[in-house]
Asker: 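I'd like to ask you about the structure that follows.
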Number of protein chains: 2
Amino acid sequence: MKVLSQTSKYGIRALLYIVSNPSTGEYVSIGEITKELNLSFHFLTKIFRELTNKGILYSYRGPSGGIALAKPSDQIMLIDIVLALEGEDYFDNCLLGFPGCGVEKPCPVHNFWKGIKEDIKSHLCNTSLAQLGEKILAEEVRLFD
Amino acid sequence: MKVLSQTSKYGIRALLYIVSNPSTGEYVSIGEITKELNLSFHFLTKIFRELTNKGILYSYRGPSGGIALAKPSDQIMLIDIVLALEGEDYFDNCLLGFPGCGVEKPCPVHNFWKGIKEDIKSHLCNTSLAQLGEKILAEEVRLFD
DNA sequence: CATATTTAAGAGTATTAATTCTTAATTAAC
DNA sequence: GTTAATTAAGAATTAATACTCTTAAATATG
Ligand code: SF4
Ligand code: SF4
């Protein structure tokens, strides 16, 4: 069941690492994150570049540089990250879909899936990095094994 | 949002074509299905071979041969097809997942996603080809553009 | 038995996603 | 200014998925 690409999964996990690790400096280095989460440095760098271009992150080069959230973590919603990394058409085609399917031309599971899709969408819209960060700090959930 | 592979999508649509087109003979030819649904003959043949090997379909070679459901359509559930084509581990790893995630080691969205996953699973378990076939015959939904 | 029809099997190709690698640019500190 | 640290950019590679093609086997019919 592949709901999100590796790109999105890594991206979200990395951002959650940032919000759940109150850092000393202004910027968090990508190297630190990939070391902690055991991700590929180059791959995450590429993912973060995309998020920087989309205005979700700031970046700063040089010693003690790194990346930082462009907005307070309670104003960054999961949906922002998913749409930035998966594309704005993320919710368009989905379960059984033939070309041109949708409300007008529903596939046999459209009625059911419409509800699921709304649940997912509203959850992604209403969940901020800050909320999930708190859960991690409270050790209710975790980011790695 | 790619919940199912093309393989599963085509497979399910093709089976639904069968149940929604009461055939004259015992077997339906793959050529007829791919012509109607505008799918690749060779690709669907491969998908059906898998379903035949898994015991979901019967096949018969030669003139007026084809494939047929191995059980009455009200006894074939969507979950059977999905697990056959996506693998039995379909529900194991899902939204944010790191290696080894799950109930014991929940990722930050596990609580939410657990519910979604159960909804999807129970719907797939409780929906038969016959049920969807009826909806198609009633023209509530459709299989192609 | 010859021919036409149809699935079986799997090799081969193309496209996309995932990951790695190389080189450049920016910045801090000495 | 030299060096070290760090992100930027994007080419190159690998792996997975999607799709196509070729050949073989089975079966019905004349
Ligand atoms: S659920 Fe609706 S949008 Fe999704 S594939 Fe079916 S018809 Fe298309
Ligand atoms: S929701 Fe549960 S099973 Fe799915 S990825 Fe998160 S922890 Fe793993």
Side-chain angles (χ1 to χ4, degrees), chain A residues 1-11 13-14 18 23-35 37-70 85-87 89-90 93 97-99, chain B residues 1-11 13-14 18 23-35 37-70 85-87 89-90 93 97-99:
Chain A
M1 185 174 227
K2 191 178 202 62
V3 184
L4 294 178
S5 64
Q6 295 292 81
T7 296
S8 301
K9 290 184 184 180
Y10 295 162
R13 280 175 64 202
I18 297 171
S23 65
T24 48
E26 197 176 358
Y27 292 95
V28 185
S29 86
I30 301 176
E32 175 193 333
I33 301 171
T34 56
K35 220 179 75 186
L37 296 185
N38 198 30
L39 301 178
S40 149
F41 169 78
H42 292 288
F43 197 12
L44 187 61
T45 298
K46 193 183 216 175
I47 295 168
F48 275 172
R49 226 147 55 208
E50 188 65 24
L51 293 177
T52 301
N53 291 335
K54 290 263 165 65
I56 292 173
L57 292 177
Y58 290 143
S59 70
Y60 196 85
R61 290 191 253 194
S64 78
I67 55 95
L69 301 181
L85 296 176
E86 301 278 341
D89 63 348
Y90 179 63
N93 181 288
F98 46 83
Chain B
M1 185 174 229
K2 191 179 202 65
V3 184
L4 294 177
S5 64
Q6 294 292 82
T7 296
S8 300
K9 290 184 182 180
Y10 295 162
R13 280 175 64 202
I18 297 171
S23 65
T24 49
E26 197 177 356
Y27 292 96
V28 185
S29 87
I30 301 176
E32 175 193 332
I33 301 171
T34 57
K35 219 179 72 186
L37 296 184
N38 198 28
L39 301 178
S40 149
F41 169 78
H42 288 105
F43 198 13
L44 187 62
T45 298
K46 194 183 218 175
I47 295 168
F48 275 173
R49 228 149 52 209
E50 188 65 24
L51 294 176
T52 302
N53 291 335
K54 291 263 166 63
I56 292 173
L57 292 176
Y58 289 143
S59 71
Y60 196 85
R61 290 192 254 195
S64 77
I67 56 95
L69 302 182
L85 295 176
E86 301 279 340
D89 63 347
Y90 179 62
N93 181 289
F98 46 81

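By convention in this document, chain letters (A, B, ...) are assigned in the order of the sequence lines, proteins followed by strands, and residues within each chain are numbered from 1.
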Asker: State which of D:dA26, C:dT26, C:dA18 makes the closest approach to the side chain of B:Arg61.
Answerer: D:dA26
Asker: Look at A:Ser40 and C:dT20 and indicate whether a side-chain polar atom (N or O) is within less than 4.0 Å of OP1 or OP2.
Answerer: yes
Asker: Considering heavy-atom distances to DNA chain C, does B:Arg49 or A:Leu4 have its closest nucleotide positioned more toward the 5' end?
Answerer: B:Arg49
Asker: Indicate, with a heavy-atom threshold strictly under 4.0 Å, whether A:Phe41 touches base, sugar-phosphate, or nothing.
Answerer: base
Asker: Would you kindly give the CD-to-P distance between A:Glu50 and D:dT7, to the nearest whole Å?
Answerer: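 A:Glu50 atom CD is separated from D:dT7 atom P by 17 Å.
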Asker: Whole angstroms only, please: what is the CD1-P distance between B:Ile67 and C:dT7?
Answerer: 8 Å
Asker: Can you see which heavy atom on A:Leu69 is nearest to which on A:Tyr58, and at what distance?
Answerer: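 Looking at all heavy atoms of both residues, the closest pair is O-CD1, 4.0 Å.
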Asker: Can you find a side chain N or O atom of B:Ser64 that sits less than 4.0 Å from OP1 or OP2 on D:dA28?
Answerer: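 The answer is no; no side-chain N or O of B:Ser64 sits under 4.0 Å from OP1 or OP2.
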Asker: Please determine, for the side chain of B:Pro63, which listed nucleotide (D:dA26, C:dT5, D:dA18) has the closest atom?
Answerer: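 The nucleotide sitting nearest to the side chain is C:dT5.
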Asker: Could you work out which one of D:dA8, C:dA28, C:dA18 sits closest to the side chain of A:Tyr60?
Answerer: C:dA28
Asker: Scan B:Tyr27 against the nucleic acid and name what it touches under 4.0 Å (heavy atoms): base, sugar-phosphate only, or nothing.
Answerer: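 If one applies the 4.0 Å heavy-atom cut-off, B:Tyr27 turns out to touch nothing in the nucleic acid.
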Asker: Distance check needed: C:dA18 C1' versus A:Leu44 CG, whole Å only.
Answerer: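 Atom-to-atom, A:Leu44 to C:dA18, this comes out as 14 Å.
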Asker: I'd like to know if B:Lys54 and B:Glu50 make a salt bridge, using a cut-off of under 4.0 Å between side-chain N and carboxylate O.
Answerer: yes
Asker: A:Ser8 side chain to A:Leu4 main-chain N or O, any donor-acceptor pair under 3.5 Å?
Answerer: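 No, because the side chain of A:Ser8 does not come within donor-acceptor range (under 3.5 Å) of the backbone of A:Leu4.
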Asker: Taking only N and O in the side chain of B:Ser59, is any of them less than 4.0 Å away from OP1 or OP2 of C:dA8?
Answerer: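 The answer is yes; a side-chain N or O of B:Ser59 sits under 4.0 Å from OP1 or OP2.
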Asker: Between C:dT5 atom P and B:Lys35 atom NZ, what is the distance in whole Å?
Answerer: 13 Å
Asker: Roughly how many Å is it from NE2 in A:His42 to P in D:dA11, rounded to a whole number?
Answerer: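 My rounded result for the distance is 16 Å.
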Asker: Checking the side chain of B:Glu86 only, and the main-chain atoms of B:Ser5 only, is there a donor and an acceptor separated by less than 3.5 Å?
Answerer: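 Looks like yes, one N/O pair under 3.5 Å.
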Asker: Counting the atoms with a prime plus P, OP1 and OP2 as sugar-phosphate, which does A:Tyr58 contact under 4.0 Å by heavy atoms, base, sugar-phosphate, or nothing?
Answerer: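 Here A:Tyr58 touches no strand at all.
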Asker: Under 4.0 Å from OP1 or OP2 of C:dA18: is there any side-chain N or O of A:Tyr10 that close?
Answerer: no
Asker: Tell me whether the side-chain N/O atoms of B:Gln6 come closer than 4.0 Å to OP1 or OP2 in D:dC19.
Answerer: yes
Asker: Where the side chain of A:Ser29 is defined as all heavy atoms beyond and including C-beta, which of D:dC21, C:dC21, D:dT6 is the nearest nucleotide?
Answerer: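 Nearest listed nucleotide: D:dT6.
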Asker: Around B:Asn38, counting heavy atoms of other residues, nucleotides and ligands shown, do more than 12 lie under 6.0 Å from its CG?
Answerer: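 Not buried by this count: 12 neighbours or fewer within 6.0 Å.
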Asker: Students often get this wrong, so: under 4.0 angstrom with heavy atoms, is A:Lys2 touching a base, only sugar-phosphate, or nothing?
Answerer: sugar-phosphate
Asker: Is there a donor-acceptor pair closer than 3.5 Å between any side-chain N or O of B:Thr45 and the backbone N or O of B:Phe41?
Answerer: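 Side chain of B:Thr45 to backbone of B:Phe41: a pair is present.
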Asker: Take the protein atom CZ of B:Phe48 and the nucleotide atom C1' of C:dA9, then report the distance between them rounded to whole Å.
Answerer: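 Going from CZ in B:Phe48 over to C1' in C:dA9 covers 17 Å.
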Asker: Between B:Thr45 and A:Lys46, which has a closest nucleotide on DNA chain C that is more 5'?
Answerer: B:Thr45
Asker: In whole angstrom, what separates B:Leu85's CG from D:dC19's P?
Answerer: 14 Å
Asker: Output the rounded distance in Å from CG (B:Leu57) to P (C:dT6).
Answerer: 17 Å
